[in-house]
Amino acid sequence: MDTRGHDAGAGNGPPRERLVVVGNGMASLRFLERLTEAAPGRYDITCIGAEPTAAYNRVLLSSLLGGEVDEAACAFRGLDWYGDHGIRLITGAPVTRIDRENGLVIVGETHVVPFDRLVLAVGSLPIRLPKPGMDLPGVITFRDLADVAAIRRAAVQHAKAIVIGGGLLGLEAAVGLARLGVETTLLHVMDRLMERQLDHHAAGLVKRAMEARGVRVILKADTARIEGASRVERLVLADGTALPADLVVMSVGVRPSVALAQEAGLAIGRGITVDDRMTTSDPRIFALGECAEHRGQIYGLVEPAYEHADTLARHLSGEPAEYRGTALSTSLKVSGLPVFSAGIVDTPDDAEAIVLSDPGAGLYRKLLVRGGRLIGAVFVGDIAEQGACKGLIRSGDPIENVDDLMFGRPAPEPLAA
């Protein structure tokens with residue numbers, strides 16, 4: 001266990017409230033940044049992270065896996081930042097229990113950290129399919145720096161890798177492995193990639209881009225079992241097809257990490273239940289990010305986690321704050337192909353789809369319009385108007401000019417001489 005920073009409770013004046021943050025991921029750091037900006041010195045802050053390093057950028061894990069960036073490029077704040085902002089940072093230290101009655105967080109077996117207020121930013125856990133062979137050596141999840149290191153160790157020359165899961169993380173893992181020169185196959189149980197974010201046409205363009213990078217893509221692929229004597233040797237599909245494999249990367253989704261909160265007696269749904277101020281069923285305890293469930297909704301994306309963090313930071317600094325939910329959107333590059341989606345993806349019966357398609361150029365744009373208002377957008381290849389589309393979907397304002405969204409706004413006229 002590594003403890004960094006200094007004792008924020010030192011000094012003169014009345015004792016400050018002891019604020020303990022469990023978890024040191026992207027949402028946790030965002031919360032600490034916003035809180036120390038809005039209310040510097042107000043709290044005696046301790047942040048406890050299970051991983052051995054301080055918060056880093058998980059979005060770059062696939063680039064790290066593929067060798068495009070190094071680990072230093074994934075770092076956010078140096079250890080000195082925590083000390084400079086009065087935050088005692090404890091790394092490599094999983095929290096094992098919360099004692100609500102006495103206001104204590106138990107770290108490891110014996111370390112005790114008292115709290116007046118507690119923030120749970122414990123994220124989520126990768127899902128492993130409940131199929132035979134998932135515990136064989138060589139079956140690895142793709143979620144953190146340790147996973148990247150394990151995959152790179154296993155991805156030796158001439159290795160055959162299979163990635164299970166055609167969502168964003170699965171695609172990123174497959175591209176990262178292909179960049180390492182590993183023969184890579186991506187399996188997805190659905191009939192198209194990223195089915196939550198893309199319609200069939202856009203998903204087809206992404207599939208083509210993946211294949212251009214050397215990734216074999218098999219859709220409607222239902223994994224039956226993984227076989228091997230002492231480690232992974234093959235993956236067998238439900239139709240009996242056997243695919244040789246030295247490495248299987250599991251990327252079929254995540255589930256909120258709720259064990260700590262559940263054992264402490266907090267209200268739990270699929271995640272840790274919170275209100276519009278990110279408060280749990282205990283008014284001293286808050287939750288944010290992937291572990292939190294707000295109005296029945298769980299988000300597994302960075303943008304909602306940051307909005308959670310901003311809301312809670314305002315609330316704990318004494319400002320009015322209310323989180324109403326996040327209108328989901330996705331903006332990314334898949335194998336170098338820009339992709340954007342927001343709102344509804346597949347065309348409802350009561351909406352009109354306005355489509356621009358140029359397969360040769362890898363360009364696709366679809367706007368979904370109902371009653372003169374934008375309810376969804378899917379762009380592939382050119383996503384320049386993503387900001388305008390997100391704004392219209394969130395606000396519900398009428399569309400002034402569809403052509404501007406589809407083709408882009410005209411450049412302003414130069415001023416007369």
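These numbers come from the heavy atoms of this one structure, side chains and all, not from hydrogens, waters or symmetry mates.
- Counting heavy atoms of neighbouring residues, nucleotides and ligands inside a 6.0 Å radius, atom CD of Glu183 does not exceed 12 of them.
- Summarising the geometry of Val258 relative to Arg270, their closest heavy-atom pair is CG1-O, 3.9 Å, with the distance given to 0.1 Å.
- When every heavy atom of Leu288 is checked against every heavy atom of Ala27, the shortest pair comes out as CD1-CB, 3.4 Å.
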**OP:** Evaluate the side chain to side chain donor-acceptor pair (under 3.5 Å) criterion for residues Thr280 and Asp282: first the C-alpha distance (whole Å), next the side-chain angles of each, then the deciding distance (0.1 Å), finally the verdict.
**Re:** CA-CA 5 Å; Thr280 69; Asp282 185 326; 5.7 Å; no

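- Under the 30°/60° scheme for interplanar angles, the aromatic rings of Tyr323 and His308 are found to stand perpendicular.
- Between Asp116 and Arg18 there is a salt bridge, since at least one side-chain N of the basic residue sits less than 4.0 Å from a carboxylate O of the acidic one.
- For the residue pair Arg143 / Ser124, a side-chain donor-acceptor distance below 3.5 Å is found, with atom types taken as modelled.
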**OP:** Under the salt bridge (charged side-chain N to carboxylate O under 4.0 Å, His left out) rule, what do Asp84 and Arg77 come out as? Steps first, then yes or no, please.
**Re:** CA-CA 11 Å; Asp84 291 344; Arg77 298 286 191 177; over 6 Å; no

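- Interatomic distance, Leu312 CG to Phe31 CZ, rounded to the nearest 0.5 Å: 4.5 Å.
- Distance CG/Asp382 to CG/Asp358: 11.5 Å, rounded to 0.5 Å.
- With respect to the salt-bridge test (charged N to carboxylate O, under 4.0 angstrom), the residues Arg295 and Asp276 qualify.
- Taking a cutoff of 4.0 Å between a charged side-chain nitrogen and a carboxylate oxygen, Arg97 and Glu263 do not qualify as a salt bridge.
- From Leu193, atom CG reaches atom CE of Met210 across 7.0 Å, with rounding to the nearest 0.5 Å.
- Applying the 6.0 Å contact sphere to CD of Glu319 captures more than 12 heavy atoms from other residues, nucleotides or ligands.
- Side-chain contact between Asp191 and Leu219: absent, with no pair of heavy atoms (C-beta onward) separated by less than 4.5 Å.
- Shown here for Thr273 and Ile268, the closest heavy-atom pair between the two residues is OG1-C, 3.8 Å.
- A salt bridge does not link Glu71 with Arg152: none of the charged nitrogens is closer than 4.0 Å to a carboxylate oxygen.
- With rounding to the nearest 0.5 Å, the separation of CG in Leu145 from SG in Cys74 is 6.5 Å.
- Between the side chains of His158 and Asp246, no donor-acceptor pair of N or O atoms lies under 3.5 Å.
- When all heavy atoms of Arg365 and Phe407 are compared, the pair lying nearest together is NH1-N, 3.9 Å.
- For Arg394, the CZ atom counts as densely surrounded, since its 6.0 Å shell holds more than 12 non-hydrogen atoms of other residues, nucleotides or ligands.
- Atoms CD and CZ, on Glu307 and Arg324 in that order, are 13.0 Å from each other to the nearest 0.5 Å.
- Listed here is the closest heavy atom pair of Tyr299 and Gly325: OH-CA, 3.6 Å.
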